[in-house]
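What you see below is based on every heavy atom in this structure, not just the backbone, and it leaves out hydrogens, waters and symmetry mates. A quick note: this is a predicted structure, and the numbers were derived from the prediction, not measured. Each ligand, and each atom within it, is numbered from 1 in the order the structure gives.
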Amino acid sequence: MRPYLLLTPGPLTTTETVKSAMMSDWCTWDKDYNEGIVEEIRRQLVEIASSRPEEYTAVLMQGSGTFCVEATLGGVVRPEDNLLVAANGAYGKRMGVIADYYKLNCHVMKFEETEPVSPEAIGKYLDGHDEVTHVSVVHCETTTGVLNPLAEIASVVKAHGKTLIVDAMSSFGGVPVDMAELGIDFLISSANKCIQGVPGFGFIIARKSLLQQCKGVARSLSLDIYDQWETMEKGHGKWRFTSPTHVVRAFMQALAELKEEGGVAARHARYCENHKTLVEGMRSLGYKTLLPDEWQSPVITSFHYPTAGFDFASFYQKLKAKGFVIYPGKISQADTFRIGNIGDVHPDDFKRLVEIIRSL
Ligand SMILES: *Cc1c(COP(=O)(O)O)cnc(C)c1O
């Protein structure tokens with residue numbers, strides 16, 4: 001069932017037990033599914049995300065992670081509001097593209113792809129732009145693997161009294177974040193990243209008091225997070241339209257396995273160990289990381305091509321034949337490739353990978 005391990009930013013390698021959880025059929029309108037699975041997932045997500053769960057609520061949404069980012073920006077930011085997007089990679093830029101599609105008043109602050117978003121720069125911008133109502137930022141920019149300083153960013157945004165939206169797609173469940181402590185208002189992630197489920201839906205964890213004010217804001221029916229939330233609340237786990245039942249059931253198994261592993265802190269420690277094993281091994285072979293260690297997340301690591309004439313396609317095929325699928329780079333300033341550290345993968349897998357690269 002596992003021709004190769006996915007060392008990618010998602011979909012990623014899942015356990016046999018998560019895959020097996022998909023072997024039964026569920027009725028999308030039945031109580032066993034709605035109350036037994038969907039409500040349980042919503043409750044657990046809020047508990048993972050916030051030390052004050054009573055202030056937050058979770059909405060699940062069909063589709064990939066981008067659908068949830070779009071549902072949030074389109075369902076929360078009003079035509080008269082002003083959104084500031086801090087972008088240091090493809091996913092930050094994508095939030096700007098979504099804002100354009102919805103014709104939102106939006107300013108994209110661009111940062112270098114190889115540097116973290118600067119909280120000071122955001123603060124300075126907010127000092128001069130009272131009209132800004134919402135700020136959105138990516139936590140782990142999967143484009144490079146840089147981990148943006150979320151606590152410092154949140155502190156600046158909150159000091160200015162703005163609503164904070166965080167794309168925590170590739171970090172939630174793998175890097176500890178406390179929404180209540182940091183004052184985050186909306187946090188977005190999806191099933192197939194650090195919770196280690198399979199792809200098919202995403203979720204938004206929202207400050208209840210703010211989401212309650214969002215009735216009628218959405219300009220898309222299927223991406224209306226308020227309506228989706230209200231239906232889930234009133235219907236005790238009902239979705240408005242067909243939900244990916246097998247995927248949702250597998251996600252509940254993935255949450256149980258996260259708990260079994262010891263929660264987010266333990267998973268974070270494993271990902272850090274994966275990352276360390278990979279980087280130490282690759283450095284011993286002469287490979288250089290794109291980012292300095294202090295900006296690097298444990299989620300995905302970018303490496304420079306070892307030589308100018310490096311043939312990535314052939315490197316990729318050789319590793320795939322040996323059981324590892326890696327990822328191409330995504331930035332323009334440097335030739336890089338990426339290796340993901342998340343999923344059901346362990347330090348021993350990275351030891352094996354390094355030995356195989358050594359033997360090439
Ligand atoms: C994976 C990811 C997304 C969502 O991508 P999809 O392809 O729509 O699932 C968004 N933001 C970040 C930071 C991601 O890593």
Side-chain angles (χ1 to χ4, degrees), residues 6-14 49 59-74 83 85-99 101 108 110-111 113-117 135-150 153 164-175 177 184 186-205 220 222-223 225 244 247-248 250-251 254 267-268 271 275 290-291 295-302 325-331 336 338-343:
L6 298 180
L7 302 182
T8 61
L12 29 78
T13 306
T14 57
V59 194
L60 314 186
M61 182 66 83
Q62 297 93 331
S64 85
T66 304
F67 290 57
C68 292
V69 178
E70 181 169 340
T72 307
L73 297 183
L83 172 69
V85 175
N88 61 333
Y91 294 103
K93 279 187 205 140
R94 190 177 293 172
M95 294 201 279
V97 173
I98 292 169
Y101 266 79
V108 179
K110 287 206 178 90
F111 296 87
E113 288 188 320
T114 48
E115 286 174 18
V117 164
V135 177
S136 66
V137 66
V138 176
H139 185 201
C140 171
E141 225 333 324
T142 324
T143 310
T144 54
V146 69
L147 194 66
N148 284 319
L150 190 53
I153 294 167
L164 178 57
I165 300 168
V166 178
D167 170 351
M169 206 71 65
S170 62
S171 58
F172 183 74
V175 180
V177 170
I184 298 168
F186 295 89
L187 181 144
I188 307 145
S189 188
S190 76
N192 60 284
K193 303 252 174 156
C194 296
I195 306 283
Q196 297 181 190
V198 300
F201 77 98
F203 48 88
I204 299 104
I205 301 160
S220 158
S222 42
L223 296 179
I225 57 168
V247 171
V248 172
F251 189 74
R267 180 153 297 177
H268 179 243
Y271 289 169
H275 171 256
L290 174 70
L291 300 173
W295 296 340
Q296 174 68 55
S297 71
V299 171
I300 188 164
T301 314
S302 299
V325 163
I326 64 166
Y327 230 52
K330 204 175 181 166
I331 65 166
T336 57
R338 292 176 290 170
I339 299 183
N341 307 126
I342 58 178

Test item: Glu141 side-chain N/O and Gly92 main-chain N/O as donor-acceptor pair under 3.5 Å: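 Yes; at least one donor-acceptor contact below 3.5 Å.
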
Val69 backbone acceptor or donor facing Thr66 side chain under 3.5 Å: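 Answer holds: no.
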
Where Phe251 and Gly197 come nearest, the two heavy atoms and their spacing: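 Looking at all heavy atoms of both residues, the closest pair is CD1-CA, 4.5 Å.
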
So if I count the atoms of ligand 1 from 1 in the order they appear, which ones are less than 4.0 Å from some heavy atom of [X]?
X	value
Val138	13 (C)
Cys140	13 (C)
Ser170	15 (O)
Arg94	5 (O)

CD1-CG distance between Ile188 and Leu73, expressed to the nearest 0.5 angstrom: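 Nearest 0.5 Å value for the CD1-CG distance: 6.0 Å.
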
Worked check of side chain to side chain contact (heavy atoms under 4.5 Å, CB included) between Leu150 and Ile184: CA-CA 9 Å; Leu150 190 53; Ile184 298 168; 3.9 Å; yes

Give the residue, atom name and distance (to 0.1 Å) of the protein heavy atom nearest [atom].
atom	result
atom 9 (O) of ligand 1	Gly65 N, 3.1 Å
atom 5 (O) of ligand 1	Thr66 OG1, 3.6 Å
atom 15 (O) of ligand 1	Thr142 OG1, 2.5 Å
atom 3 (C) of ligand 1	Met169 CG, 3.3 Å
atom 11 (N) of ligand 1	Asp167 OD2, 2.7 Å
atom 1 (C) of ligand 1	Lys193 NZ, 1.5 Å

Residue pair Val177, Val166: steps toward the side chain to side chain contact (heavy atoms under 4.5 Å, CB included) verdict: CA-CA 11 Å; Val177 170; Val166 178; over 6 Å; no

Electrostatic pair Glu113:Lys93 at N-O distance under 4.0 angstrom: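 A salt bridge is present here (some side-chain N lies under 4.0 Å from a carboxylate O).
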
